[in-house]
Amino acid sequence: IEVTLNDKRTYTAELIGADPSTDLALLKITESNLHYISYGNSDSVKIGEWVLAVGNPFNLTSTVTAGIVSAK
């Protein structure tokens with residue numbers, strides 16, 4: 001598995017786990033000084049708050065999906 005970052009750097013990745021039904025996978029690359037994001041706690045989200053999903057699903061590049069929490 002090859003991972004390509006937005007700045008075109010590429011790395012060989014190890015597959016840690018995958019769920020084909022949701023098109024999600026956990027990959028591991030060996031590199032230091034990579035930026036990361038902080039994850040939120042879904043238990044503390046409130047109805048009416050905006051949420052974002054960021055990723056690269058189904059071979060799309062840099063997708064962002066926005067929504068409003070309507071129920072918990």
Would V45 and K72 satisfy side chain to side chain contact (heavy atoms under 4.5 Å, CB included), going step by step from the backbone distance to the final call?
CA-CA 9 Å; V45 70; K72 286 178 65 173; 4.3 Å; yes

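- At least one donor-acceptor pair closer than 3.5 Å links the side chain of T63 to the backbone N or O of G55.
- In the hydrophobic cluster analysis, where Ile, Leu, Val, Met, Phe, Trp and Tyr join through side-chain heavy atoms closer than 4.5 angstrom, V69 is grouped apart from L52.
- Among T30, L5, L27, the one residue that satisfies the side chain to side chain contact (heavy atoms under 4.5 Å, CB included) test with Y11 is L5.
- Sparse packing is recorded around CG of N33, with 12 or fewer heavy atoms of other residues, nucleotides or ligands lying under 6.0 Å away.
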Might you work through the side chain to side chain contact (heavy atoms under 4.5 Å, CB included) test for L34 and I29, ending with a clear yes or no?
CA-CA 10 Å; L34 291 176; I29 61 174; 3.7 Å; yes

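- Taking CD of E2 as the reference point, atom OG1 of T12 lies at 6.5 Å (rounded to 0.5 Å).
- The shortest non-hydrogen separation linking S21 to D19 is OG-OD1, 2.8 Å.
- In plain terms, the two heavy atoms of V3 and A13 that are nearest each other are CG2-CB, 3.5 Å.
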